[in-house]
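For clarity, every value in this text was computed on a predicted model and none was experimentally measured.
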Amino acid sequence: MRKVIYGAAVSLDGFIAGPEESIDWLLMSDDVQAIMAESWKGVDAMLMGRKTYEFAARMGGGPGGLSKIRTYIFSRTMTDAPEGAQLVRDDAVGFVHDLKAQPGGDIILMGGGDLAASLIEGGVVDEIGLNLHPVLLGGGVP
């Protein structure tokens with residue numbers, strides 16, 4: 001069975017994004033980049049919620065640049081998926097449970113506190129990897 005891995009950067013006070021969704025507090029180093037590269041080995045599917053997708057798109061990222069990785073965007077409000085992604089409007093836990101049973105590599109769950117919380121509660125997340133940054137944000141996205 002495939003493994004679902006949730007990875008997120010988090011501040012010391014528990015935020016995955018700062019006020020107004022800022023990410024300027026993230027500390028990128030060679031070590032962090034090496035850890036991230038290692039964590040993506042063997043991944044062939046990515047899960048993200050609508051808010052994470054929209055944030056990534058605003059920052060110039062998104063599913064289009066990851067041609068070998070199938071992207072699933074979970075949303076009840078979107079009507080179309082961007083190129084290179086599949087829109088999932090069904091029950092997220094049930095969908096991920098079924099996806100894990102299909103042949104393939106690891107599945108990475110990106111950002112998104114809401115989607116991550118529902119999938120963790122639903123028991124379909126196998127690993128959680130947090131990149132702890134030594135900053136206090138005082139507010140933002142928990």
Side-chain angles (χ1 to χ4, degrees), residues 1-133 135 137-142:
M1 183 171 278
R2 299 166 81 178
K3 178 171 55 173
V4 175
I5 304 163
Y6 175 53
V10 64
S11 66
L12 285 174
D13 51 353
F15 295 97
I16 61 174
E20 298 180 31
E21 298 182 332
S22 69
I23 59 168
D24 59 350
W25 55 276
L26 293 174
L27 305 171
M28 294 303 288
S29 67
D30 290 342
D31 290 340
V32 169
Q33 290 178 348
I35 290 167
M36 288 174 60
E38 185 64 30
S39 70
W40 281 86
K41 285 183 181 176
V43 170
D44 70 358
M46 177 172 53
L47 313 174
M48 60 174 51
R50 176 192 54 83
K51 291 183 226 173
T52 300
Y53 161 70
E54 289 174 347
F55 180 81
R58 282 194 307 274
M59 302 303 285
L66 301 168
S67 61
K68 294 181 182 179
I69 297 176
R70 181 75 177 148
T71 302
Y72 300 91
I73 300 171
F74 294 79
S75 175
R76 290 181 206 86
T77 59
M78 289 175 66
T79 55
D80 291 319
E83 186 176 338
Q86 177 180 331
L87 179 62
V88 179
R89 300 188 75 176
D90 303 327
D91 168 55
V93 172
F95 181 88
V96 173
H97 182 270
D98 292 345
L99 184 63
K100 287 177 68 169
Q102 297 173 11
D106 289 339
I107 303 164
I108 198 149
L109 169 58
M110 294 296 297
D114 293 338
L115 178 60
S118 69
L119 296 179
I120 291 167
E121 267 184 34
V124 295
V125 174
D126 302 292
E127 269 181 37
I128 299 173
L130 300 176
N131 184 344
L132 186 60
H133 291 255
V135 297
L137 297 177
V141 179

What pair of heavy atoms forms the shortest contact from P19 to G139, and how long is it?
CD-O, 3.3 Å

Partner set under side chain to side chain donor-acceptor pair (under 3.5 Å) for R50, not counting sequence neighbours:
E54, T77

Is the backbone N or O of G105 less than 3.5 Å from a side-chain atom of D44, with the two atoms forming a donor-acceptor pair by type?
yes

Does the side chain of Y72 reach to within under 4.5 Å of the side chain of I107, using non-hydrogen atoms?
no

For D114 and K51, which heavy atoms make the closest approach, and how far apart are they?
OD2-NZ, 2.8 Å

When the side chains of residues 116-129 are checked against the rest of the protein, which donor-acceptor pairs come out under 3.5 Å, sequence neighbours left out?
unit_1	atom_1	unit_2	atom_2	d
S118	OG	L115	O	2.9
D126	OD1	K100	NZ	3.0
D126	OD2	V4	N	2.8
D126	OD2	K100	NZ	2.9
E127	OE2	K3	NZ	2.9

Sequence neighbours excluded and cut-off under 3.5 Å, please list the side-chain donor-acceptor pairs for residues 88-99, or say none.
unit_1	atom_1	unit_2	atom_2	d
R89	NH2	R76	O	2.5
D91	OD2	G94	N	2.7

Kindly compute the distance separating OG1 (T52) from CD1 (I73), expressed to the nearest 0.5 Å.
10.0 Å

How long is the gap from CG on L109 to CZ on F74, to the nearest 0.5 Å?
8.5 Å

Using 0.5 Å steps for rounding, measure from the CD atom of Q86 to the CG atom of L47.
11.0 Å

Which heavy atom in M78 sits nearest to a heavy atom in L87, and how many Å separate them?
O-CD2, 3.5 Å

Strictly by side-chain hydrogen bond (donor to acceptor under 3.5 Å, both in side chains), give each pair with a member in residues 12-36 just once, sequence neighbours left out.
S11-D13, E21-R58

Can you confirm whether P82 sits close enough to Y53 that some side-chain heavy atom of one is under 4.5 Å from a side-chain heavy atom of the other?
yes

When rounded to the nearest 0.5 angstrom, what distance separates CG in L132 from CG in L27?
10.5 Å

Value rounded to 0.5 Å, distance of CE in M46 from CH2 in W40:
5.0 Å

Return the CD1 to CG distance between I16 and N131, rounded to the nearest 0.5 Å.
13.0 Å

